[in-house]
> 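Right, I'll just put the structure down here and ask away after.
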Amino acid sequence: MPESTAAVPANPRCIAVLHIASEVAPFIKSGGLADVAQALPAALRRLGHDARVCLPCYKRVYLEADRRGVRWLPQPMIIESGGVDHRVGIGLVDLDGLPVYLLACNELYDRDGLYGPSQHQDYEDNARRFSVFSKAALALPGAIGWAPHIVHAHDWQAGLVPALLERGFNRALPATRSVFTIHNIAFQGSFPPHDMRLAGLDPWLYNPMHCEHFGRFNMLKTGIVFADRVTTVSRRYAEEIQTSEFGWTLDAVIRHHAYKLSGITNGIDPIAWNPATDPHLPARYDVQDLAGKRACKQALRSECGLAPYEGACLVGMVSRLTEQKGVDLVIDAVSPYILAGRMQLVVVGSGDLYLEHRLHALQQRHPGWVYVWYGYNEGLAHRCIAGSDLFLMPSRFEPCGLTQMYAMRYGTLPLVRYTGGLADTVVDVTTGAGNGFTFGPVDLGHFSSVLDRALGLYQYFPAEWAAAQRRGMTTDFSWDRAAQHYAELYRSITWP
Ligand code: ADP
C-alpha cells in the first residue's frame, strides 16, 4: 500500500535518508537526542534532501500526534521477534514539512515511560522493544513504497539497524547504506546473551568482534561494528571515546573502527531558541538591545522567589541531575560565593535522588538565594536560560551538549568543562575573543577557581562581559552547517 510521499525537495542530487531514533522533539524528549532527531532531518530537507524520521509511538506520542493530525495507514506491519509476531501500525504526521512516522505497537510502547517506569529503572523487555523497533524501522520503507539511500540510526535503541541491514534483513534495500550516530557512549543497551535471539541475528555473531561485549549482548557495539559510517555529535568527542577515560570500555572497539568514525558538532534549532521571538519569555530581546534580558532576569528572580539583590550574578543550570553533569561539584562549590552575596543559583532538572536531596539541602541552607525546580519544565528551562547571567555545565564528559549553545544565543555566558562538544563550542574569555569560561580537570579546586574568575568579570568588568555576550549571541550554531557535513558523509557512501 504505497502511501503518497511528502513532496520531495527539488534537488537533482537529492539524498533520501530515514532517521531512526527512539525520541524526537516535540513528540517525546528525555535529552538532546530528541532535539537532534528533529532538527537534523529538518535541516537536511532545507538543503533539498528527502529526509524523514521514525520513532516508537509511546503513550505521550499518541497525544502529541493527535494534536497534530496524525494519519494512520490501513495495514499494520507484522514484525517477528524471538518467535512472537508483533503488529506494528504506521502513523504519519507532517511536522512543518518533515514526515514523521510513528511505529505503534501497544504491547511494547503504549506506556508512560520511554525506557523504564522511572529514570532509575529500565523495562525488562527493552531488548524486545528495541529489536522490534529496529526491525520495524527497516521494514517501513517497503510498507510506504520508498527506498532510502541511507538509514541513519541513532544510539543503542537503533543499534541493530546497521547489523540487520548488512545481514540482509530487508532484501528490498540491497543498496541502502547505514550511518550510526553515538550520542552518548555511556548508554549501551547491554542485555543477557540469550536476548540476541530477539534481534534475529545469526548466533555466531555473538563474539567479541561483533555483538558480544564482556559476556553481554551489546546493541551500541553492534551498531558501531556493522555501520558503514559512525559519527559522534562533536569533533572532540570522536577523539575522546578512543581513550579509556571516555570510552566506557568500548574504546578499543572504537579505535578498531576509527577508519569510519567522524565527529560532526550538533547545531541548535534557531527558531525554537530565539530570544527575539521566544513565547516562553516575559520579555524579548536581541543582540542590539538587551533591556528585555534584564526584564527576564527580574522576572526569573520573582518566579523563583529569590531575594531582589541586584549585585548578585544570577547563575543557572538546566540539566539532568547526574554525576556526568558535575552537579555534585556545583553543590560543593557555591556556598562561599552565595554567602558573600556574589551569586544566586537556579537549577531546573531531575535525576539521581541523592543529588536531588543534596540540592534540597543547599536550598534550605540558602533560602532566597538558591531555587531548585525538580522535573522537566520546558518553559522554565527557557526562562532560566534567558534570565541567568552565567550558565553552568561542569560536565565530566559531554558528547555535545546543547544547552551551552542555547545559553550563548540568549546572552548568558556558559561556564563549562573543556570536554567533548563543550570544547568545540565554548571559547574562554582569556583568549580575548571568547564567549564563555572553560576549565580542565574536574575537581573542586579547578571548578571554584573558574567560578571565581567568572563572578569577578561579571562584578568588575561589565564592558568585557557585554562583549563576550555579544560574541556568544552572534556565533553561528545553526544546523545548516552540520547538516551540510552529514550530506557530504552520505554522499561519500552512496551513488547518485
Ligand atoms: P543531554 O542530552 O546529555 O541531557 P543536552 O545538553 O545535549 O544534554 O540536551 C539536554 C536537553 O534537554 C536540552 O534541550 C535542555 O534544555 C533539555 N533539558 C534538560 N533538563 C531539562 C529540564 N529539567 N526541563 C526542561 N528541559 C530540560
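When a ligand or atom number is given, it counts from 1 through the structure's own listing order. Because only heavy atoms are used, hydrogens play no part in the values below, and waters and symmetry mates are left out as well, while side chains stay in.
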> For ligand 1, is there an atom lying under 4.0 Å from some heavy atom of H183?
no
> Can you check whether S30 has an N/O within less than 3.5 Å of an N/O in ligand 1?
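N/O-N/O distance under 3.5 Å: no.
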> Stepwise, does the ring-ring contact (aromatic ring centres under 6.0 Å, His included) test hold for W156 with F180?
CA-CA 9 Å; W156 72 262; F180 182 57; over 10 Å; no
> Strictly by modelled atom types, are Q324 and S395 linked by a side-chain donor-acceptor pair under 3.5 Å?
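The criterion, which ignores hydrogens and geometry beyond distance, is not satisfied for S395 and Q324.
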> Suppose I only count heavy atoms of G349 and a 4.0 Å limit; which atoms of ligand 1 are within that range?
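In order of number, 23 (N).
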> Determine whether the aromatic ring centres of H152 and Y490 lie less than 6.0 Å apart.
yes
> Y123 ring centre to R111 NZ or CZ under 6.0 Å, with the angle to the axis within 45°?
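Yes, R111 and Y123 form such a contact.
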> Write out the residue and atom name of the closest protein heavy atom to atom 12 (O) of ligand 1, then the distance separating them to 0.1 Å.
K29 CE, 3.6 Å
> Going through the checks in order, is the side chain to side chain contact (heavy atoms under 4.5 Å, CB included) test met by M473 and L290?
CA-CA 11 Å; M473 291 181 87; L290 290 179; 3.8 Å; yes
> Just need the protein heavy atom nearest to atom 27 (C) of ligand 1, so name the residue and atom and give the distance.
Y376 CE1, 3.4 Å
> Check contact between W373 and ligand 1, using heavy atoms of the residue and a distance below 4.0 angstrom.
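The answer is no: ligand 1 sits nowhere under 4.0 Å from a heavy atom of W373.
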> Quick check: does G375 get an N/O under 3.5 Å from an N/O on ligand 1?
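So ligand 1 has an N or O lying under 3.5 Å from an N or O of G375.
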> Find all atoms of ligand 1 within a distance of less than 4.0 Å from any non-hydrogen atom belonging to A381, and give their numbers and elements.
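Heavy-atom distances to A381 below 4.0 Å select 25 (C), 26 (N).
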> Where does I385 meet ligand 1, judged by heavy-atom distances below 4.0 Å: at the side chain, the backbone, both, or neither?
neither
> Heavy-atom distances under 4.0 Å decide this one: backbone, side chain, both or neither, for S319 against ligand 1?
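The answer is the backbone of S319.
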> Can you tell me if D155 and H183 form a side-chain donor-acceptor pair at under 3.5 Å?
no
> Regarding R216 and Q188, do their side chains bring together a donor and an acceptor under 3.5 Å, going by distance alone?
no
> Below the 3.5 angstrom mark, is there an N/O of W273, backbone or side chain, next to an N/O of ligand 1?
no
> Using heavy atoms and a threshold below 4.0 Å, how should the contact between T403 and ligand 1 be classified: side chain, backbone, both, or neither?
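For T403, the contact with ligand 1 is made by both the backbone and the side chain.
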> Answer with yes or no whether the side chains of T265 and D424 bring together a donor and an acceptor at under 3.5 Å.
yes
> Suppose I only count heavy atoms of R320 and a 4.0 Å limit; which atoms of ligand 1 are within that range?
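Listed by number with element: 1 (P), 3 (O), 4 (O).
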> What is the closest protein heavy atom to atom 24 (N) of ligand 1, and at what distance does it sit?
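In this structure, atom 24 (N) of ligand 1 has N377 N, 3.0 Å as its nearest protein heavy atom.
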> How far is atom 5 (P) of ligand 1 from its nearest protein heavy atom, and which residue and atom name does that atom have?
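Checking every protein heavy atom, the shortest distance to atom 5 (P) of ligand 1 gives L402 N, 3.7 Å.
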> Between S335 and L362, which heavy-atom pair has the shortest distance, and what is it?
OG-CD1, 3.7 Å
> Specify the protein heavy atom at minimum distance from atom 10 (C) of ligand 1: its residue, its atom name, and the distance to 0.1 Å.
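The closest heavy atom on the protein side is G32 N, 3.8 Å.
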> Does at least one non-hydrogen atom of K325 fall below 4.0 angstrom from an atom of ligand 1?
yes
> How many angstroms lie between CG in D35 and CD1 in I268, if you round to the nearest 0.5 Å?
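CD1 of I268 is found 10.0 Å from CG of D35.
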